[in-house]
Amino acid sequence: MEPIRRIKGTDDILPPESLLWQKLTSIIRKVMSLYNYQEIIMPVFEYSELFARGIGTSTDIVSKEMYTLVDKGGRNVTLRPEGTASVVRAYIEHSLGSKSPVVKLYYIGPMFRQERPQKGRRRQFNQFGIEILGAPSPLADVEGISLNLRILSEIGIHNSKLMINSIGDSNCRGKYRSDLTGYLEKRFDRLCGDCQERYRVNALRVFDCKNESCQIELRDAPLMLDYLCEGCREHFDLVKKGLEKHQIDYSINSRLVRGLDYYTRTVFEIVSSEIGSQDSLSGGGRYDLLVEELGGKSTPAFGFAAGMERMLLAWEQNSVISSSLIKLDCFLAAPKGIHLTQAAIIAEKIRDEGISVEVDLLGRSLKSELKEANRLNARLVIILGEDEASRGVCLVRDMVSSVQWEEPSPRLVNSVVEYISKI
RNA sequence: GUGGGUGUGGCUCAGCUGGUUAGAGCACCAGGUUGUGGCCCUGGUGGCCGUGGGUUCAAAUCCCAUCACCCACCCCA
(Lines give C-alpha, C1' and ligand atoms only; values in the text may rest on other atoms or scores of the structure.)
Protein backbone atom coordinates (compact mmCIF):
# COMPACT_ATOMS: atom_id res chain seq x y z
CA MET A 1 0.00 0.00 0.00
CA GLU A 2 1.39 3.37 -1.04
CA PRO A 3 1.50 5.73 1.93
CA ILE A 4 -0.13 9.09 1.37
CA ARG A 5 2.18 12.03 1.55
CA ARG A 6 1.60 15.62 2.46
CA ILE A 7 0.72 18.11 -0.25
CA LYS A 8 3.59 19.80 -2.03
CA GLY A 9 4.65 22.98 -0.28
CA THR A 10 3.04 22.12 3.04
CA ASP A 11 4.87 21.22 6.22
CA ASP A 12 4.35 19.14 9.31
CA ILE A 13 5.86 21.03 12.20
CA LEU A 14 7.02 18.30 14.53
CA PRO A 15 8.24 18.47 18.10
CA PRO A 16 10.60 19.81 19.23
CA GLU A 17 10.33 22.44 16.51
CA SER A 18 6.71 23.03 17.36
CA LEU A 19 7.89 24.37 20.71
CA LEU A 20 9.74 27.07 18.83
CA TRP A 21 6.44 28.00 17.21
CA GLN A 22 4.75 28.20 20.58
CA LYS A 23 7.47 30.51 21.75
CA LEU A 24 7.22 32.61 18.60
CA THR A 25 3.47 33.08 18.89
CA SER A 26 3.67 33.86 22.58
CA ILE A 27 6.22 36.61 21.90
CA ILE A 28 4.01 38.00 19.15
CA ARG A 29 0.98 38.07 21.42
CA LYS A 30 2.93 39.63 24.24
CA VAL A 31 4.20 42.49 22.08
CA MET A 32 0.76 42.98 20.53
CA SER A 33 -0.70 43.51 23.96
CA LEU A 34 2.07 45.99 24.83
CA TYR A 35 0.80 48.12 21.95
CA ASN A 36 -2.83 47.35 22.70
CA TYR A 37 -3.67 45.49 19.51
CA GLN A 38 -6.58 43.05 19.73
CA GLU A 39 -6.64 39.74 17.94
CA ILE A 40 -9.05 39.10 15.10
CA ILE A 41 -9.62 35.50 14.07
CA MET A 42 -10.96 35.27 10.55
CA PRO A 43 -12.10 32.53 8.22
CA VAL A 44 -9.35 31.03 6.10
CA PHE A 45 -11.56 31.17 3.03
CA GLU A 46 -13.55 33.97 1.51
CA TYR A 47 -15.42 34.81 -1.65
CA SER A 48 -12.84 34.99 -4.41
CA GLU A 49 -14.08 38.41 -5.35
CA LEU A 50 -12.79 39.86 -2.07
CA PHE A 51 -9.23 39.15 -3.09
CA ALA A 52 -9.75 40.13 -6.69
CA ARG A 53 -11.01 43.53 -5.63
CA GLY A 54 -8.72 43.95 -2.64
CA ILE A 55 -5.39 42.75 -3.92
CA GLY A 56 -5.90 43.57 -7.59
CA THR A 57 -6.42 41.35 -10.60
CA SER A 58 -3.15 42.36 -12.19
CA THR A 59 -1.09 40.94 -9.33
CA ASP A 60 0.52 37.53 -9.56
CA ILE A 61 -1.22 36.52 -6.37
CA VAL A 62 -4.67 36.90 -7.88
CA SER A 63 -3.92 36.08 -11.47
CA LYS A 64 -2.13 32.81 -10.93
CA GLU A 65 -1.49 31.83 -7.32
CA MET A 66 -4.86 31.48 -5.64
CA TYR A 67 -6.38 28.22 -4.42
CA THR A 68 -9.84 28.78 -5.79
CA LEU A 69 -12.76 26.37 -5.96
CA VAL A 70 -16.48 26.31 -6.50
CA ASP A 71 -18.27 24.81 -3.52
CA LYS A 72 -21.40 22.67 -3.59
CA GLY A 73 -23.58 25.75 -3.37
CA GLY A 74 -21.98 27.17 -6.49
CA ARG A 75 -20.04 29.82 -4.55
CA ASN A 76 -16.67 30.82 -5.88
CA VAL A 77 -14.38 30.71 -2.85
CA THR A 78 -10.65 31.05 -2.28
CA LEU A 79 -8.22 30.02 0.45
CA ARG A 80 -6.87 33.34 1.66
CA PRO A 81 -3.54 34.32 0.12
CA GLU A 82 -3.07 37.14 2.63
CA GLY A 83 -4.82 38.70 5.59
CA THR A 84 -5.46 42.35 4.93
CA ALA A 85 -8.43 41.94 2.62
CA SER A 86 -10.22 39.80 5.20
CA VAL A 87 -9.52 42.23 8.03
CA VAL A 88 -10.90 45.10 5.99
CA ARG A 89 -13.91 43.01 5.00
CA ALA A 90 -14.61 42.28 8.68
CA TYR A 91 -14.04 45.92 9.60
CA ILE A 92 -16.69 46.97 7.12
CA GLU A 93 -19.05 44.08 7.77
CA HIS A 94 -19.19 44.73 11.53
CA SER A 95 -19.01 48.53 11.30
CA LEU A 96 -15.99 48.52 13.59
CA GLY A 97 -15.20 52.09 12.54
CA SER A 98 -18.32 53.42 14.17
CA LYS A 99 -17.48 51.85 17.51
CA SER A 100 -14.13 53.56 17.79
CA PRO A 101 -12.30 56.03 15.56
CA VAL A 102 -9.09 54.01 15.48
CA VAL A 103 -9.19 50.23 15.32
CA LYS A 104 -5.98 48.26 15.90
CA LEU A 105 -6.12 44.57 15.08
CA TYR A 106 -3.70 41.72 14.68
CA TYR A 107 -4.00 38.23 13.26
CA ILE A 108 -1.92 35.07 13.20
CA GLY A 109 -2.61 32.21 10.84
CA PRO A 110 -2.03 30.27 7.67
CA MET A 111 -2.13 31.70 4.15
CA PHE A 112 -2.20 29.82 0.86
CA ARG A 113 -0.57 30.52 -2.48
CA GLN A 114 0.01 28.02 -5.25
CA GLU A 115 3.58 28.89 -6.16
CA ARG A 116 6.61 26.75 -6.79
CA PRO A 117 8.00 26.03 -3.31
CA GLN A 118 11.56 26.92 -2.41
CA LYS A 119 13.48 28.04 0.65
CA GLY A 120 11.28 30.42 2.61
CA ARG A 121 8.36 29.97 0.25
CA ARG A 122 5.62 27.46 0.95
CA ARG A 123 2.16 26.90 -0.44
CA GLN A 124 0.71 26.98 3.04
CA PHE A 125 2.62 29.38 5.23
CA ASN A 126 1.95 31.39 8.34
CA GLN A 127 1.80 35.10 8.73
CA PHE A 128 1.07 37.45 11.52
CA GLY A 129 0.13 41.01 10.79
CA ILE A 130 -1.46 44.16 12.06
CA GLU A 131 -3.90 46.64 10.63
CA ILE A 132 -4.45 50.15 12.00
CA LEU A 133 -7.70 51.48 10.62
CA GLY A 134 -8.80 55.09 10.88
CA ALA A 135 -5.47 56.79 11.55
CA PRO A 136 -4.15 58.99 8.72
CA SER A 137 -1.18 60.21 10.73
CA PRO A 138 2.39 59.11 10.03
CA LEU A 139 2.47 58.28 13.72
CA ALA A 140 0.52 55.17 12.82
CA ASP A 141 3.13 54.18 10.24
CA VAL A 142 5.91 54.64 12.75
CA GLU A 143 4.09 52.72 15.46
CA GLY A 144 3.47 49.81 13.14
CA ILE A 145 7.10 49.65 12.09
CA SER A 146 8.31 49.92 15.70
CA LEU A 147 6.03 47.11 16.76
CA ASN A 148 7.32 44.97 13.94
CA LEU A 149 10.93 45.62 14.88
CA ARG A 150 10.25 45.02 18.55
CA ILE A 151 8.92 41.57 17.80
CA LEU A 152 12.03 40.79 15.78
CA SER A 153 14.35 41.92 18.52
CA GLU A 154 12.38 40.12 21.24
CA ILE A 155 12.78 36.95 19.27
CA GLY A 156 16.45 37.55 18.82
CA ILE A 157 16.68 38.38 15.14
CA HIS A 158 19.25 41.11 14.82
CA ASN A 159 20.52 40.60 11.31
CA SER A 160 17.64 42.35 9.56
CA LYS A 161 17.41 45.65 7.72
CA LEU A 162 14.53 48.07 7.37
CA MET A 163 13.87 49.69 4.01
CA ILE A 164 11.25 52.32 3.40
CA ASN A 165 9.87 54.21 0.44
CA SER A 166 6.88 56.25 -0.56
CA ILE A 167 4.95 55.38 -3.66
CA GLY A 168 2.68 58.43 -3.54
CA ASP A 169 -1.07 58.55 -3.79
CA SER A 170 -3.73 59.10 -6.41
CA ASN A 171 -2.65 62.74 -6.80
CA CYS A 172 0.91 62.11 -7.79
CA ARG A 173 1.32 58.51 -8.80
CA GLY A 174 -0.49 58.94 -12.11
CA LYS A 175 1.93 61.46 -13.52
CA TYR A 176 4.87 59.46 -12.29
CA ARG A 177 3.57 56.31 -13.85
CA SER A 178 3.11 57.90 -17.24
CA ASP A 179 6.57 59.47 -17.13
CA LEU A 180 8.10 56.15 -16.17
CA THR A 181 6.34 54.25 -18.92
CA GLY A 182 7.42 56.94 -21.33
CA TYR A 183 11.01 56.46 -20.20
CA LEU A 184 10.76 52.70 -20.49
CA GLU A 185 9.12 52.83 -23.88
CA LYS A 186 12.22 54.42 -25.34
CA ARG A 187 14.40 51.55 -24.09
CA PHE A 188 11.87 48.80 -24.46
CA ASP A 189 14.04 46.73 -26.81
CA ARG A 190 16.93 46.72 -24.38
CA LEU A 191 14.89 45.41 -21.45
CA CYS A 192 14.77 41.72 -20.58
CA GLY A 193 11.69 39.70 -21.36
CA ASP A 194 10.48 39.85 -17.79
CA CYS A 195 10.77 43.61 -17.72
CA GLN A 196 8.94 43.92 -20.99
CA GLU A 197 6.16 42.02 -19.35
CA ARG A 198 6.37 44.22 -16.26
CA TYR A 199 6.11 47.25 -18.50
CA ARG A 200 2.74 46.01 -19.62
CA VAL A 201 1.37 44.90 -16.26
CA ASN A 202 2.87 47.16 -13.60
CA ALA A 203 5.76 49.33 -14.72
CA LEU A 204 6.88 50.15 -11.18
CA ARG A 205 8.08 46.60 -10.73
CA VAL A 206 10.88 46.88 -13.26
CA PHE A 207 12.87 48.29 -10.36
CA ASP A 208 12.81 44.85 -8.75
CA CYS A 209 14.63 43.28 -11.70
CA LYS A 210 17.88 41.57 -10.74
CA ASN A 211 19.14 41.64 -14.30
CA GLU A 212 22.20 43.87 -14.46
CA SER A 213 21.61 45.23 -17.92
CA CYS A 214 18.11 46.29 -16.93
CA GLN A 215 19.49 48.06 -13.88
CA ILE A 216 21.86 49.96 -16.15
CA GLU A 217 18.96 51.00 -18.35
CA LEU A 218 17.13 52.19 -15.24
CA ARG A 219 19.95 54.36 -13.96
CA ASP A 220 18.37 57.60 -15.10
CA ALA A 221 14.78 56.52 -14.74
CA PRO A 222 12.46 58.94 -12.96
CA LEU A 223 12.01 58.15 -9.29
CA MET A 224 8.73 58.31 -7.44
CA LEU A 225 10.32 60.30 -4.63
CA ASP A 226 10.85 63.21 -7.03
CA TYR A 227 7.18 63.22 -7.95
CA LEU A 228 5.59 63.17 -4.50
CA CYS A 229 2.89 65.78 -4.07
CA GLU A 230 2.91 68.17 -1.13
CA GLY A 231 0.85 65.90 1.15
CA CYS A 232 2.80 62.75 0.35
CA ARG A 233 6.14 64.48 0.70
CA GLU A 234 5.16 65.83 4.11
CA HIS A 235 3.84 62.45 5.23
CA PHE A 236 7.04 60.72 4.16
CA ASP A 237 9.19 63.32 5.93
CA LEU A 238 7.26 62.80 9.15
CA VAL A 239 7.64 59.04 8.90
CA LYS A 240 11.39 59.43 8.51
CA LYS A 241 11.60 61.90 11.40
CA GLY A 242 9.49 59.63 13.55
CA LEU A 243 11.76 56.67 12.90
CA GLU A 244 14.78 58.76 13.72
CA LYS A 245 13.24 59.89 17.00
CA HIS A 246 12.73 56.24 17.87
CA GLN A 247 16.35 55.58 16.95
CA ILE A 248 15.32 53.14 14.28
CA ASP A 249 17.84 52.57 11.51
CA TYR A 250 16.40 52.56 8.05
CA SER A 251 17.45 53.04 4.48
CA ILE A 252 15.42 54.65 1.78
CA ASN A 253 15.02 52.31 -1.14
CA SER A 254 13.51 54.27 -3.98
CA ARG A 255 13.09 51.04 -5.90
CA LEU A 256 11.02 49.40 -3.20
CA VAL A 257 7.67 48.58 -4.75
CA ARG A 258 5.25 46.30 -3.06
CA GLY A 259 3.54 43.69 -5.16
CA LEU A 260 0.03 44.46 -4.03
CA ASP A 261 -2.02 47.15 -5.71
CA TYR A 262 -3.56 48.70 -2.63
CA TYR A 263 -0.60 50.52 -1.17
CA THR A 264 -0.36 54.31 -1.03
CA ARG A 265 2.35 56.53 0.38
CA THR A 266 4.50 54.62 2.87
CA VAL A 267 5.76 51.17 1.98
CA PHE A 268 8.35 49.25 3.94
CA GLU A 269 10.10 45.94 3.99
CA ILE A 270 12.34 44.20 6.49
CA VAL A 271 14.87 41.86 4.92
CA SER A 272 17.40 39.38 6.21
CA SER A 273 20.47 38.42 4.24
CA GLU A 274 20.71 35.02 5.88
CA ILE A 275 17.57 33.20 4.90
CA GLY A 276 18.12 32.55 1.21
CA SER A 277 16.78 34.19 -1.85
CA GLN A 278 13.35 34.91 -0.40
CA ASP A 279 14.78 37.44 1.96
CA SER A 280 11.78 39.46 3.01
CA LEU A 281 10.80 38.88 6.63
CA SER A 282 7.92 41.28 6.55
CA GLY A 283 6.44 44.02 4.48
CA GLY A 284 3.61 46.44 4.48
CA GLY A 285 2.59 50.02 4.26
CA ARG A 286 -0.26 52.43 4.07
CA TYR A 287 -3.43 51.69 2.13
CA ASP A 288 -5.69 54.70 2.35
CA LEU A 289 -7.94 53.69 -0.52
CA LEU A 290 -8.61 50.03 0.19
CA VAL A 291 -11.51 50.31 2.64
CA GLU A 292 -13.49 52.41 0.21
CA GLU A 293 -12.49 50.10 -2.61
CA LEU A 294 -14.11 47.23 -0.74
CA GLY A 295 -17.33 49.11 -0.13
CA GLY A 296 -16.69 50.87 3.17
CA LYS A 297 -16.38 54.51 4.07
CA SER A 298 -13.16 56.17 3.09
CA THR A 299 -10.78 55.15 5.87
CA PRO A 300 -7.02 55.62 6.05
CA ALA A 301 -5.12 52.54 7.13
CA PHE A 302 -1.70 51.08 7.72
CA GLY A 303 -0.61 47.49 8.11
CA PHE A 304 1.99 44.86 7.54
CA ALA A 305 2.34 41.11 7.30
CA ALA A 306 5.30 39.04 8.45
CA GLY A 307 6.29 35.55 7.35
CA MET A 308 6.64 33.32 10.38
CA GLU A 309 8.52 30.48 8.66
CA ARG A 310 11.05 33.03 7.46
CA MET A 311 11.41 34.44 10.93
CA LEU A 312 12.16 30.96 12.18
CA LEU A 313 14.79 30.58 9.47
CA ALA A 314 16.41 33.80 10.63
CA TRP A 315 16.05 32.70 14.22
CA GLU A 316 17.86 29.41 13.64
CA GLN A 317 20.89 31.40 12.58
CA ASN A 318 21.11 32.44 16.20
CA SER A 319 21.35 28.76 17.14
CA VAL A 320 18.37 28.45 19.39
CA ILE A 321 18.18 24.83 20.41
CA SER A 322 14.57 23.88 20.47
CA SER A 323 15.02 20.47 22.06
CA SER A 324 16.31 22.12 25.21
CA LEU A 325 12.89 23.70 25.53
CA ILE A 326 11.42 20.33 26.39
CA LYS A 327 11.20 20.05 30.15
CA LEU A 328 9.58 17.49 32.38
CA ASP A 329 9.34 17.77 36.13
CA CYS A 330 8.93 14.16 37.00
CA PHE A 331 9.07 10.63 35.59
CA LEU A 332 7.27 7.86 37.43
CA ALA A 333 8.99 4.51 37.06
CA ALA A 334 7.26 1.30 38.01
CA PRO A 335 9.79 -1.34 37.03
CA LYS A 336 8.59 -4.71 35.77
CA GLY A 337 5.12 -3.27 35.35
CA ILE A 338 3.84 -4.40 38.72
CA HIS A 339 2.47 -1.09 39.87
CA LEU A 340 1.44 0.45 36.58
CA THR A 341 -2.12 1.22 37.60
CA GLN A 342 -1.04 2.54 40.96
CA ALA A 343 1.62 4.67 39.27
CA ALA A 344 -0.97 6.25 37.03
CA ILE A 345 -3.05 7.20 40.05
CA ILE A 346 -0.07 8.75 41.85
CA ALA A 347 0.80 10.62 38.64
CA GLU A 348 -2.66 12.18 38.60
CA LYS A 349 -2.24 13.35 42.20
CA ILE A 350 1.04 15.04 41.34
CA ARG A 351 -0.50 16.63 38.26
CA ASP A 352 -3.25 18.00 40.49
CA GLU A 353 -0.49 20.09 42.03
CA GLY A 354 0.55 21.52 38.69
CA ILE A 355 3.65 19.40 38.21
CA SER A 356 4.24 17.64 34.93
CA VAL A 357 4.57 13.88 35.15
CA GLU A 358 5.25 11.14 32.62
CA VAL A 359 4.46 7.51 33.36
CA ASP A 360 6.03 4.64 31.49
CA LEU A 361 3.22 3.00 29.59
CA LEU A 362 5.18 -0.06 28.59
CA GLY A 363 6.21 -1.51 31.94
CA ARG A 364 9.85 -1.67 30.97
CA SER A 365 12.92 -2.47 33.01
CA LEU A 366 14.22 0.13 35.43
CA LYS A 367 17.22 0.73 33.22
CA SER A 368 14.99 1.46 30.23
CA GLU A 369 12.81 3.73 32.26
CA LEU A 370 15.73 5.76 33.53
CA LYS A 371 16.99 6.01 30.00
CA GLU A 372 13.60 7.25 28.91
CA ALA A 373 13.48 9.74 31.78
CA ASN A 374 16.86 11.00 30.73
CA ARG A 375 15.73 11.40 27.13
CA LEU A 376 12.73 13.37 28.31
CA ASN A 377 14.88 15.73 30.37
CA ALA A 378 13.01 14.75 33.52
CA ARG A 379 14.27 16.43 36.67
CA LEU A 380 13.05 13.80 39.12
CA VAL A 381 12.44 10.09 38.80
CA ILE A 382 10.15 8.44 41.30
CA ILE A 383 10.81 4.73 41.53
CA LEU A 384 7.98 2.56 42.80
CA GLY A 385 9.94 -0.61 43.40
CA GLU A 386 8.89 -3.79 45.09
CA ASP A 387 11.29 -3.47 48.01
CA GLU A 388 10.24 0.08 48.66
CA ALA A 389 6.56 -0.70 48.33
CA SER A 390 6.83 -3.41 50.95
CA ARG A 391 8.39 -0.89 53.29
CA GLY A 392 5.84 1.82 52.46
CA VAL A 393 8.34 4.14 50.78
CA CYS A 394 9.27 5.37 47.27
CA LEU A 395 12.68 6.18 45.86
CA VAL A 396 13.09 9.73 44.53
CA ARG A 397 16.08 10.48 42.32
CA ASP A 398 17.27 13.87 41.15
CA MET A 399 18.54 13.28 37.62
CA VAL A 400 20.74 16.34 37.59
CA SER A 401 22.62 15.81 40.86
CA SER A 402 22.18 11.99 40.88
CA VAL A 403 21.19 12.26 44.53
CA GLN A 404 18.41 9.91 45.59
CA TRP A 405 16.52 9.32 48.80
CA GLU A 406 13.60 7.35 50.21
CA GLU A 407 10.35 9.07 50.84
CA PRO A 408 7.44 7.65 52.87
CA SER A 409 4.62 7.05 50.41
CA PRO A 410 2.04 9.25 52.15
CA ARG A 411 4.45 12.21 51.99
CA LEU A 412 5.46 11.66 48.38
CA VAL A 413 3.23 14.17 46.62
CA ASN A 414 3.96 16.94 49.11
CA SER A 415 7.68 16.51 49.06
CA VAL A 416 7.81 16.36 45.24
CA VAL A 417 5.85 19.60 45.09
CA GLU A 418 8.23 21.15 47.60
CA TYR A 419 11.33 19.95 45.81
CA ILE A 420 10.25 21.07 42.35
CA SER A 421 9.13 24.48 43.54
CA LYS A 422 12.52 25.09 45.20
CA ILE A 423 14.44 24.53 41.95
C1' G B 1 5.40 28.31 -15.91
C1' U B 2 11.29 28.09 -16.78
C1' G B 3 16.28 26.35 -15.35
C1' G B 4 19.82 23.51 -12.33
C1' G B 5 20.73 19.73 -8.55
C1' U B 6 19.59 15.36 -5.65
C1' G B 7 16.99 10.55 -4.76
C1' U B 8 20.87 4.22 -0.90
C1' G B 9 17.85 1.64 6.63
C1' G B 10 14.06 6.65 11.00
C1' C B 11 18.16 10.81 10.11
C1' U B 12 23.08 12.44 7.71
C1' C B 13 25.77 10.29 4.02
C1' A B 14 29.79 6.66 1.63
C1' G B 15 29.75 3.13 -2.39
C1' C B 16 28.48 4.84 -8.53
C1' U B 17 35.54 4.00 -14.15
C1' G B 18 29.30 -2.21 -13.76
C1' G B 19 31.47 -8.08 -10.79
C1' U B 20 30.58 -12.37 -5.10
C1' U B 21 26.04 -11.82 1.18
C1' A B 22 25.16 -3.01 0.03
C1' G B 23 28.39 -0.02 4.24
C1' A B 24 29.46 3.94 8.21
C1' G B 25 27.94 7.49 11.91
C1' C B 26 23.64 9.00 14.63
C1' A B 27 18.98 7.08 16.48
C1' C B 28 16.45 2.61 18.31
C1' C B 29 16.63 -2.35 21.12
C1' A B 30 19.50 -5.76 24.28
C1' G B 31 23.73 -7.00 27.21
C1' G B 32 28.35 -5.59 29.97
C1' U B 33 26.24 -3.53 35.49
C1' U B 34 21.49 -10.26 39.15
C1' G B 35 16.20 -3.09 40.06
C1' U B 36 19.70 2.88 38.70
C1' G B 37 20.13 7.24 33.16
C1' G B 38 24.04 10.32 30.80
C1' C B 39 30.22 8.34 29.10
C1' C B 40 32.43 3.82 27.25
C1' C B 41 32.45 -1.32 25.15
C1' U B 42 29.86 -5.56 22.73
C1' G B 43 25.92 -7.43 20.01
C1' G B 44 21.20 -6.77 17.45
C1' U B 45 16.62 -4.88 14.65
C1' G B 46 15.97 -2.27 10.26
C1' G B 47 17.30 -1.34 3.10
C1' C B 48 12.78 -4.87 -3.57
C1' C B 49 19.68 1.37 -3.48
C1' G B 50 12.53 6.65 -5.67
C1' U B 51 9.61 3.97 -9.69
C1' G B 52 9.26 1.69 -14.67
C1' G B 53 11.81 0.13 -18.85
C1' G B 54 16.46 -0.80 -21.62
C1' U B 55 21.87 -2.39 -22.40
C1' U B 56 24.74 -6.65 -20.34
C1' C B 57 26.60 -13.20 -18.61
C1' A B 58 26.09 -9.51 -14.53
C1' A B 59 23.20 -2.89 -12.78
C1' A B 60 22.85 0.94 -6.48
C1' U B 61 26.64 1.76 -10.42
C1' C B 62 25.61 2.78 -17.70
C1' C B 63 21.17 4.68 -20.98
C1' C B 64 15.96 6.39 -21.44
C1' A B 65 11.49 7.69 -19.23
C1' U B 66 8.70 9.00 -15.01
C1' C B 67 7.77 10.69 -10.06
C1' A B 68 9.32 13.15 -5.67
C1' C B 69 12.19 16.59 -3.09
C1' C B 70 15.73 20.76 -2.93
C1' C B 71 17.68 25.37 -4.84
C1' A B 72 17.19 29.39 -8.19
C1' C B 73 14.22 32.48 -11.82
C1' C B 74 9.42 34.71 -11.55
C1' C B 75 6.75 36.72 -7.47
C1' C B 76 6.19 37.55 -2.54
C1' A B 77 5.76 36.97 3.79
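Here is the naming used below: chain letters follow the sequence lines, and residue numbers restart at 1 for every chain. What you are looking at is a predicted structure, and each value in this text was computed from that prediction instead of being measured.
Across all strands shown, B/rA72 forms a Watson-Crick or G-U wobble pair, both distances under 3.5 Å, with B/rU2. B/rU61: no Watson-Crick or G-U partner with both key distances under 3.5 Å is found in any strand. Pair assignment for B/rC29: B/rG43, on the basis of Watson-Crick or G-U wobble contacts that are both within less than 3.5 Å. Remark: B/rC13 base-pairs with B/rG23; criterion is Watson-Crick or G-U wobble with both hydrogen-bond distances under 3.5 Å. The partner of B/rG7 is B/rC67, by the rule that a Watson-Crick or G-U pair needs both atom distances under 3.5 Å.
Applying the salt bridge (charged side-chain N to carboxylate O under 4.0 Å, His left out) criterion to A/Asp387, with sequence neighbours excluded, gives no partner residue.
Heavy-atom nearest nucleotides on RNA chain B were determined for A/Leu281 and for A/Leu370, and the one closer to the 5' end corresponds to A/Leu370. Residue order along RNA chain B, read from the 5' end via each residue's closest nucleotide, puts A/Glu388 first among A/Glu388 and A/Gln127.
Distance from the side chain of A/Ala305 is smallest for B/rA77 among the nucleotides B/rG35, B/rC73, B/rA77. With distances taken from any side-chain atom of A/Arg310 to the nucleotides B/rU36, B/rA72, B/rC76, the minimum falls on B/rC76.
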(Q) side chain to side chain contact (heavy atoms under 4.5 Å, CB included) for A/Leu332 and A/Ile346? Distances and angles first, verdict last. (A) CA-CA 9 Å; A/Leu332 213 45; A/Ile346 294 169; 4.1 Å; yes
(Q) Walk me through whether A/Tyr176 and A/Tyr227 qualify under ring-ring contact (aromatic ring centres under 6.0 Å, His included). (A) CA-CA 6 Å; A/Tyr176 172 66; A/Tyr227 283 74; 5.1 Å; yes
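Aromatic ring centres of A/Tyr287 and A/Tyr262: separated by under 6.0 Å. Less than 6.0 angstrom separates the ring centroid of A/Tyr199 from the ring centroid of A/Phe188.
In this structure, A/Leu366 places its CG atom 10 Å from P of B/rG35, rounding to the nearest Å. Atom CE of A/Met111 is separated from atom C1' of B/rC75 by 17 Å (rounded to the nearest Å). Between A/Leu313 atom CG and B/rA77 atom P there is a gap of 16 Å when expressed in whole angstrom units. When the P atom of B/rG35 is taken as reference, atom CD of A/Gln404 falls 13 Å away, rounded to whole Å. The distance between atom CD1 of A/Ile275 and atom P of B/rC76, rounded to the nearest whole Å, is 16 Å. Note: CD (A/Glu115) to P (B/rA72) measures 13 Å, nearest angstrom. Atom pair A/Leu376:CG and B/rG37:C1' shows a separation of 11 Å (rounding to whole Å applied). Taking atom NZ on A/Lys64 and atom C1' on B/rC73, their separation rounds to 11 Å, with Å as the unit.
Checked by distance alone, A/Asn374 brings no side-chain donor or acceptor within 3.5 Å of a matching partner on the base of B/rG38. For a distance-only test at 3.5 Å, the side chain of A/Arg121 qualifies as a donor-acceptor partner of the base of B/rC75.
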Scan nucleotides 65-69 of chain B against the protein and return all N/O pairs shorter than 3.5 Å with their distances rounded to 0.1 Å.
from   : atom 1 : to     : atom 2 : distance (Å)
B/rC69 : OP2    : A/Lys8 : NZ     : 2.8

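Ionic pairing of A/Glu115 and A/Arg122 is not present here: no N-O contact between side-chain nitrogen and carboxylate oxygen is shorter than 4.0 angstrom. Comment: A/Arg379 does not engage A/Asp329 in a salt bridge, judged by the lack of any side-chain N to carboxylate O separation of less than 4.0 angstrom. Look at A/Arg113 and A/Glu82 and you find no salt bridge, because none of the NZ, NE, NH1 or NH2 atoms lies under 4.0 Å from a carboxylate O.
Contacts of A/Gly120 with the nucleic acid, taken as non-hydrogen atoms under 4.0 Å apart, include base atoms. Contacts of A/Ala373 with the nucleic acid, taken as non-hydrogen atoms under 4.0 Å apart, are absent. Residue-level contact check: A/Glu309 touches neither bases nor backbone, having no heavy atom under 4.0 Å from any strand. In this structure, A/Asn126 reaches neither bases nor backbone, as no heavy-atom distance under 4.0 Å exists between it and the strands shown.
No side-chain N or O of A/Arg6 forms a donor-acceptor pair with one of A/Gln124 less than 3.5 Å apart. Between the side chains of A/Glu131 and A/Thr84, a donor-acceptor pair is found at a separation under 3.5 Å. Of the N and O atoms on the side chains of A/Gln38 and A/Asn36, at least one donor lies less than 3.5 Å from an acceptor on the other residue.
When the side-chain nitrogen and oxygen atoms of A/Gln118 are compared with OP1 and OP2 of B/rA72, one or more of them lie within a distance under 4.0 Å. Close to B/rC74, at under 4.0 Å from its OP1 or OP2, lies no side-chain N or O of A/Gln278. Here A/Ser402 does not reach the OP1 or OP2 of B/rG37: none of its side-chain N or O atoms lies under 4.0 Å away.
To the nearest whole angstrom, the two P atoms, one in B/rC29 and one in B/rC71, are 32 Å apart. Taking the C1' atoms as reference points, B/rA59 lies 13 Å from B/rA22, given to the whole Å. Here, B/rU12 and B/rG47 have their C1' atoms 16 Å apart, quoted to the whole Å. The gap from the P atom of B/rG50 to that of B/rU8 amounts to 6 Å, rounded to the nearest Å. Here the separation of B/rG19 from B/rA24, taken at their C1' atoms, is 23 Å to the nearest Å. With both ends at atom C1', the span from B/rA60 to B/rG18 equals 10 Å, rounded to whole Å. Taking atom P in both B/rU61 and B/rG54, the straight-line distance is 14 Å, to the nearest Å. Remark: the separation of the P atoms in B/rU36 and B/rG44 is 24 Å, to the nearest Å.
A donor-acceptor pair under 3.5 Å is absent between the side-chain atoms of A/Arg198 and the main chain of A/Asn202, judged by distance alone.
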Q: Let me have a per-nucleotide readout for nucleotides 27-32 of chain B, 5' to 3', with B, S or -, counting only protein heavy atoms under 4.0 Å.
A: -SSS-B
